[in-house]
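In what follows, a single structure is set out as structure tokens and then discussed.
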Number of protein chains: 2
Amino acid sequence: MNLIVLQEHDFIGPDLVRLSGRQLEHISQVHKATIGQQLRIGMLNGKIGHGKVVSLSDSHIEIQVELLTPPPEPLPLTLILALPRPKMLKRVIQHLTSLGVKKLILLNSYRVEKSYWQTPWLKEDKLFDQCLLGLEQAVDTQMPEILLRKRFKPFVEDELPDMASQTRKLVAHPVGGEACPVNIDEPTTLAIGPEGGFIDYEVKKLQEAGFKSVHLGPRILRVETALPVLVSRLFPAT
Amino acid sequence: MNLIVLQEHDFIGPDLVRLSGRQLEHISQVHKATIGQQLRIGMLNGKIGHGKVVSLSDSHIEIQVELLTPPPEPLPLTLILALPRPKMLKRVIQHLTSLGVKKLILLNSYRVEKSYWQTPWLKEDKLFDQCLLGLEQAVDTQMPEILLRKRFKPFVEDELPDMASQTRKLVAHPVGGEACPVNIDEPTTLAIGPEGGFIDYEVKKLQEAGFKSVHLGPRILRVETALPVLVSRLFPAT
């Protein structure tokens with residue numbers, strides 16, 4: 001928790017917040033906070049600044065806050081990701097949020113097992129919690145938007161063209177295609193398949209929607225490794 | 001397992017191997033291999049090619065192999081990594097191997113908990129197994145070299161200067177320093193601290209050894225996310 005992220009309901013005065021639960025626990029046990037201590041504070045979807053501990057008990061902590069600077073610039077990226085298996089999903093959401101991804105579509109694909117859609121980790125509050133952990137890690141406040149799309153074809157045919165218009169369109173595919181570009185500086189929509197990759201039909205549908213196949217070199221990476229590699233390669237300076 | 005990696009003891013003839021255990025299980029259950037099927041095969045620390053299944057039973061599989069092409073080029077990188085907690089260590093070793101890192105030093109640091117050095121995952125055979133999983137994933141055959149260094153100061157003072165001579169020397173540090181360079185094309189030694197970072201003394205010692213502090217932008221990443229980001233940023237085309 002490199003940043004304490006506040007929400008509206010934490011405020012008990014114009015510049016005063018009261019925290020309990022997980023945040024209190026972290027602040028007292030990891031930061032070992034005492035009265036008067038300064039902490040790095042941010043407002044969810046708002047500014048970042050600092051706060052001073054003004055009262056502390058076993059049940060809650062009160063902090064006087066001053067919010068000063070905007071959060072880091074979002075990546076100019078819309079990420080379309082074949083739904084990973086539940087065990088990986090949690091980590092992937094945290095990775096992506098900490099990397100600055102602000103729009104994520106979790107999409108079905110032939111090689112996504114149907115049971116993956118049943119995981120409780122896809123519930124709105126669970127996704128929110130994982131994103132919050134990513135923001136706290138990255139010192140960012142801007143919550144990503146996550147969309148779930150359980151049907152590949154209607155999404156790619158009906159919704160994607162508008163969503164991806166005016167952006168560079170890439171699909172990461174280990175076989176064929178060109179080398180993924182490096183250090184581009186333009187709005188991009190990037191599609192990444194499941195372990196084992198999109199099937200040929202899916203790659204064809206994405207190509208029909210204007211997506212260009214790109215690869216990452218001779219090594220085949222797990223989705224979890226490929227994600228930060230792709231983001232860093234496209235937007236190294238962001 | 002995108003590649004079946006052979007070892008000397010698998011050979012029962014000049015071009016014939018017999019496999020059992022985990023590899024047999026994977027080949028029969030995931031590849032659903034039948035007699036005559038072609039598989040992608042590589043020799044540990046050797047060439048990559050293909051193999052044809054010539055016999056198959058519950059206890060073993062025999063494959064006629066032909067090894068043709070060298071493995072992918074290694075990254076020109078020596079990575080010095082503060083020992084991660086055991087839970088993360090396994091994943092990190094697999095990540096790094098699949099990214100093409102061939103020399104890794106696991107180093108002590110002030111913020112590394114002493115107990116981390118007790119984990120069975122640091123035993124030679126366990127590290128070998130994790131690297132093997134990384135190679136199988138990445139379609140690579142060249143086993144990384146991993147060194148364990150439990151004392152920071154003697155390593156940095158006595159061993160590191162020779163090891164890092166003639167290389168670009170970088171220490172990833174979230175605070176201060178310059179932005180990490182992009183797409184460099186030279187042998188590099190990169191040091192990465194533990195969660196929470198190297199302490200000032202350690203950064204100073206590394207700087208005295210010629211290491212330059214570099215950061216990855218405004219967001220603070222977990223070691224696990226920062227690793228592929230750094231590798232991809234330094235060597236996007238490898």
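Letters go in sequence order (proteins before strands), and every chain restarts at 1. What you see is a predicted model, and the numbers here were worked out from it, not measured in a lab.
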(message) If I take atom OG from residue B:Ser232 and atom CG from residue A:Leu234, how far apart are they, to the nearest 0.5 angstrom?
(response) 8.5 Å
(request) Verify the neighbour count for atom CD of A:Glu124: are there more than 12 heavy atoms of other residues, nucleotides or ligands below 6.0 Å? (result) no
(request) Search all heavy atoms of A:Lys102 against all heavy atoms of B:Arg219 and return the closest pair with its distance. (result) CE-NH2, 4.3 Å
(message) Could you check whether atom CG of A:Asp200 has more than 12 heavy atoms from other residues, nucleotides or ligands sitting under 6.0 Å from it?
(response) no
(request) Let me know if A:Glu224 has heavy atoms under 4.5 Å from chain B in its side chain, its backbone, both or neither. (result) both
(request) Find the one option among B:Asp140, B:Ile220, B:Leu221 whose heavy-atom pairs under 4.5 Å with chain A are most numerous. (result) B:Ile220
(request) Ignoring hydrogens and angles, tell me if any N or O in the side chain of A:Arg233 forms a donor-acceptor pair with the backbone of B:Pro236 under 3.5 Å. (result) yes
(message) Does B:Asp125 have more than 12 heavy atoms from other residues, nucleotides or ligands lying within 6.0 Å of its CG?
(response) yes
(message) As an exercise, state the distance from CD of B:Glu195 to CG of A:Asn2, rounded to the nearest 0.5 Å.
(response) 9.0 Å
(request) Test B:Asn183 against A:Asn183 for side chain to side chain contact (heavy atoms under 4.5 Å, CB included), laying out the working first. (result) CA-CA 9 Å; B:Asn183 200 0; A:Asn183 200 359; over 6 Å; no
(message) Which atoms of A:Val229 are under 4.5 Å from chain B, going by heavy atoms: the side chain, the backbone, both sets, or neither?
(response) both
